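Naming: A, B, ... by sequence-line order, numbering from 1 per chain. All values derive from a computational prediction rather than experimental measurement.
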2 protein chains.
Amino acid sequence: MTADRPRAPRRDATENREALLEAARRILNEDPEASLDAIAAGAGLSRRAVYGHFPSRNTLVAELAERGAARVAAAIERATAEDPALDVALLGRVVWDEVEHVRAMTSTIVHGPLRERIGAALGPIHGRLVADARRAGEQGGRTDLSPETVARLIEGAAFTVLDESLRSPLSRRDGRRLVVLAGLGALGLSWREAGELLDRNAALLMEDR
Amino acid sequence: MTADRPRAPRRDATENREALLEAARRILNEDPEASLDAIAAGAGLSRRAVYGHFPSRNTLVAELAERGAARVAAAIERATAEDPALDVALLGRVVWDEVEHVRAMTSTIVHGPLRERIGAALGPIHGRLVADARRAGEQGGRTDLSPETVARLIEGAAFTVLDESLRSPLSRRDGRRLVVLAGLGALGLSWREAGELLDRNAALLMEDR
DNA sequence: CATATCTTGCACACAGGTGTGCAAGATCGA
DNA sequence: TCGATCTTGCACACCTGTGTGCAAGATATG
């Protein structure tokens with residue numbers, strides 16, 4: 001009873017599959033409602049060929065979203081800070097760097113029904129933020145709102161910067177700074193405190209990784 | 001050359017027109033992409049009849065959006081404060097009260113192509129926020145971001161509360177408080193400063209007008 | 001009541017999209 | 001080279017939605 005796996009997929013086939021995901025990333029980022037036709041053409045394939053790789057349009061987009069979410073999740077694990085405020089800032093910077101070049105798609109995916117699909121992969125971010133907000137409260141920080149609410153506000157602030165950067169483009173550096181400042185504001189820091197934190201940790205906005 | 005106006009519109013006709021707008025408000029607020037069919041049914045009319053009152057679906061929605069925008073614009077003119085931070089808080093409260101019961105529709109209209117259509121009517125809000133941010137900066141407030149950017153962050157914070165309240169409903173009072181706190185945070189106040197401001201102006205969150 | 005006005009229900013054209021079947025051709029790979 | 005694998009192009013069914021034409025019926029209103 002050898003499983004009927006007639007042969008390994010042809011090399012060009014797997015290449016085309018990747019090309020489709022790549023084209024989807026590029027095209028959906030310009031028009032998040034682009035048709036399957038447009039995506040296929042972007043990959044140099046016909047619409048019909050797509051169905052040889054993905055059973056449906058949604059499957060394609062979902063896989064794309066999950067890959068992105070996994071990438072972000074992996075990135076945040078490599079960056080942690082003791083101080084809650086610093087951790088929030090760090091999270092902002094890291095996530096921004098991962099997402100900045102796929103802003104438009106990110107925005108629609110997060111606002112749309114695929115949100116749940118990537119929720120699992122992005123859960124860790126939320127968890128970290130809640131924990132940071134709670135610890136900050138214990139150390140003299142915001143106690144007028146629940147940690148859960150504070151976390152949502154921080155996430156929302158990040159999305160605000162995201163949406164804002166779609167209307168008037170931001171340099172990578174300005175985006176980083178803005179997303180961090182907005183997040184710290186939601187955490188309850190005054191603008192001076194946020195600025196001082198950034199001054200004390202200048203590396204936070206630097207180009208390295 | 002008397003204009004050929006054969007007669008005034010029948011009373012039930014104007015009633016139906018209002019009923020359509022009313023149904024649109026109600027239904028688009030539950031499903032912002034609801035079809036014209038659903039809206040017509042909600043008004044107790046047939047889809048066909050809608051075209052006797054509005055030349056297109058978009059016309060209907062646009063009129064609805066413009067009415068709402070005008071309502072909000074009128075409301076903010078009735079509330080002004082000298083202190084910039086207080087003015088931001090006041091704006092937050094007033095706008096929230098006007099918008100809270102049409103959150104879902106507001107969200108999609110503001111994120112969608114109708115944004116420009118109501119931009120004119122909502123421009124005053126943006127203008128007030130920019131002026132507040134500028135004056136705040138002159139009085140020891142945030143100078144690390146341009147007034148324009150600060151205004152955008154405040155608006156974004158309000159939308160965050162809006163979106164958030166769609167996932168886990170907020171009481172009118174909690175919504176007010178949250179939208180004000182989030183706005184003041186974006187303005188650069190620490191959570192304590194924001195709290196003190198609210199304490200000094202307890203009437204801000206009260207039920208009256 | 002008589003009539004202009006409104007509403008209805010149907011059919012239709014149109015647009016844009018997804019997903020499938022199938023034959024013919026291109027292309028990898030052993 | 002030769003066969004399995006992929007791609008293509010076409011046709012097709014299907015869906016959901018908008019907007020229009022038209023005849024027939026309902027209803028306000030002078």
Side-chain angles (χ1 to χ4, degrees), chain A residues 2-24 27-65 104-105 108-109 112-114 117, chain B residues 2-24 27-65 104-105 108-109 112-114 117:
Chain A
T2 48
D4 46 355
R5 184 164 37 119
R7 196 184 284 191
R10 244 162 66 177
R11 198 182 339 125
D12 59 338
T14 57
E15 280 172 8
N16 283 337
R17 191 173 194 279
E18 291 304 309
L20 280 170
L21 287 163
E22 163 65 21
I27 290 180
L28 290 180
N29 204 37
E30 282 166 14
D31 172 14
E33 318 229 305
S35 74
L36 201 53
D37 214 2
I39 296 173
L45 291 182
S46 69
R47 183 176 73 93
R48 190 63 185 79
V50 177
Y51 291 96
H53 299 285
F54 302 92
S56 77
R57 176 214 161 89
N58 199 45
T59 317
L60 201 178
V61 181
E63 176 161 343
L64 191 61
M105 199 181 39
T108 47
I109 284 183
L114 255 52
R117 189 99 177 214
Chain B
T2 49
D4 47 355
R5 184 163 37 120
R7 195 184 283 191
R10 245 162 68 175
R11 200 185 336 127
D12 59 339
T14 57
E15 281 172 8
N16 283 340
R17 192 174 194 280
E18 290 305 309
L20 280 170
L21 286 163
E22 163 64 21
I27 290 180
L28 290 179
N29 204 38
E30 281 166 15
D31 173 13
E33 318 230 305
S35 74
L36 200 52
D37 214 1
I39 296 172
L45 291 182
S46 69
R47 185 177 72 94
R48 189 63 187 79
V50 177
Y51 291 96
H53 298 286
F54 302 92
S56 77
R57 176 214 160 87
N58 200 44
T59 316
L60 201 177
V61 181
E63 176 161 342
L64 191 61
M105 198 180 42
T108 47
I109 284 183
L114 256 53
R117 189 99 178 215

Undergrad: Please report, rounded to the nearest Å, how far the P atom of C:dC6 is from the CZ atom of B:Phe54.
TA: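 Going from B:Phe54 (CZ) to C:dC6 (P), I get 14 Å.
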Undergrad: Of all residues at least two apart in sequence or in a different chain, which pass the salt bridge (Lys or Arg N to Asp or Glu O under 4.0 Å) check with B:Glu22?
TA: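 Only B:Arg25 meet the salt bridge (Lys or Arg N to Asp or Glu O under 4.0 Å) criterion with B:Glu22.
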Undergrad: Using the test side chain to side chain donor-acceptor pair (under 3.5 Å), find all partners of B:Thr14 that sit at least two apart in sequence or belong to another chain.
TA: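 With neighbours one apart ignored, the set is empty.
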Undergrad: For residues 37-49 of chain A, pull every pair meeting salt bridge (Lys or Arg N to Asp or Glu O under 4.0 Å), keeping only residues two or more places apart or in separate chains.
TA: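 Sorted result for residues 37-49 of chain A: empty, none.
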Undergrad: Looking only at non-hydrogen atoms, find the nearest pair between B:Ala38 and B:Ile27 and report the distance.
TA: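 Closest approach of B:Ala38 to B:Ile27, heavy atoms only: O-CD1, 3.3 Å.
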Undergrad: Please report the shortest heavy-atom distance between B:Ala104 and B:Asn29, naming the atom on each side.
TA: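 Smallest heavy-atom distance, with atoms named: CB-O, 2.9 Å.
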Undergrad: Going by number, which of residues 16-23 of chain B have a non-hydrogen atom under 4.0 Å from DNA chain D?
TA: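 Correct list: empty, so none.
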Undergrad: List for me each residue that meets side-chain contact (heavy atoms from CB on, under 4.5 Å) alongside A:Val61, sequence neighbours excluded, and say none if there are none.
TA: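 In terms of side-chain contact (heavy atoms from CB on, under 4.5 Å), with neighbours along the sequence ignored, A:Val61 is linked to A:Leu28, A:Arg57, A:Leu114.
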Undergrad: Kindly state which residues belonging to residues 27-39 of chain B come within less than 4.0 angstrom of DNA chain C, counting heavy atoms of the residue only, listed by number.
TA: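 Within this stretch, nothing sits under 4.0 Å of the strand.
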Undergrad: What pairs with B:Asp12 under side chain to side chain donor-acceptor pair (under 3.5 Å), at least two apart in sequence or on another chain?
TA: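 Residues passing side chain to side chain donor-acceptor pair (under 3.5 Å) with B:Asp12: B:Arg10.
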Undergrad: Partners of A:Leu21 by side-chain contact (heavy atoms from CB on, under 4.5 Å), sequence neighbours excluded?
TA: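 For A:Leu21, the residues satisfying side-chain contact (heavy atoms from CB on, under 4.5 Å) (neighbours in sequence not counted) are A:Arg17, A:Glu18, A:Phe54, A:Leu60, A:Glu63, A:Leu64, A:Arg67.
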Undergrad: A:Ala49 and A:His53: which non-hydrogen atoms are nearest, and at how many Å?
TA: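 Minimum heavy-atom separation between A:Ala49 and A:His53: O-CD2, 3.5 Å.
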Undergrad: Could I get a table of every N or O pair under 3.5 Å where one atom is in the protein and the other is in nucleotides 26-30 of chain C?
TA:
{"unit_1": "C:dT27", "atom_1": "O2", "unit_2": "A:Arg10", "atom_2": "NH1", "d": "3.0"}
{"unit_1": "C:dT27", "atom_1": "O2", "unit_2": "A:Arg10", "atom_2": "NH2", "d": "3.4"}
{"unit_1": "C:dG29", "atom_1": "OP1", "unit_2": "A:Arg11", "atom_2": "N", "d": "2.9"}
{"unit_1": "C:dG29", "atom_1": "OP2", "unit_2": "A:Arg11", "atom_2": "NH2", "d": "2.5"}

Undergrad: Apply side chain to side chain donor-acceptor pair (under 3.5 Å) to B:Glu15 and list each qualifying residue two or more places apart in sequence or on a separate chain.
TA: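 B:Glu15 satisfies side chain to side chain donor-acceptor pair (under 3.5 Å) with no residue once adjacent residues are dropped.
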Undergrad: Give, for atom CG of B:Asn16 and atom CG of B:Leu45, the distance between the pair rounded to the nearest 0.5 Å.
TA: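 Atom-to-atom, B:Asn16:CG and B:Leu45:CG are 4.5 Å apart.
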Undergrad: List the residues meeting side chain to side chain donor-acceptor pair (under 3.5 Å) with A:Ser46, not counting sequence neighbours, and say none if there are none.
TA: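 With neighbours one apart ignored, the set is empty.
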Undergrad: Mind running a 4.0 Å heavy-atom check of residues 42-53 of chain A against DNA chain C and sending the residues that fall below it, in number order?
TA: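 Contacting residues: A:Arg47, A:Arg48, A:Tyr51.
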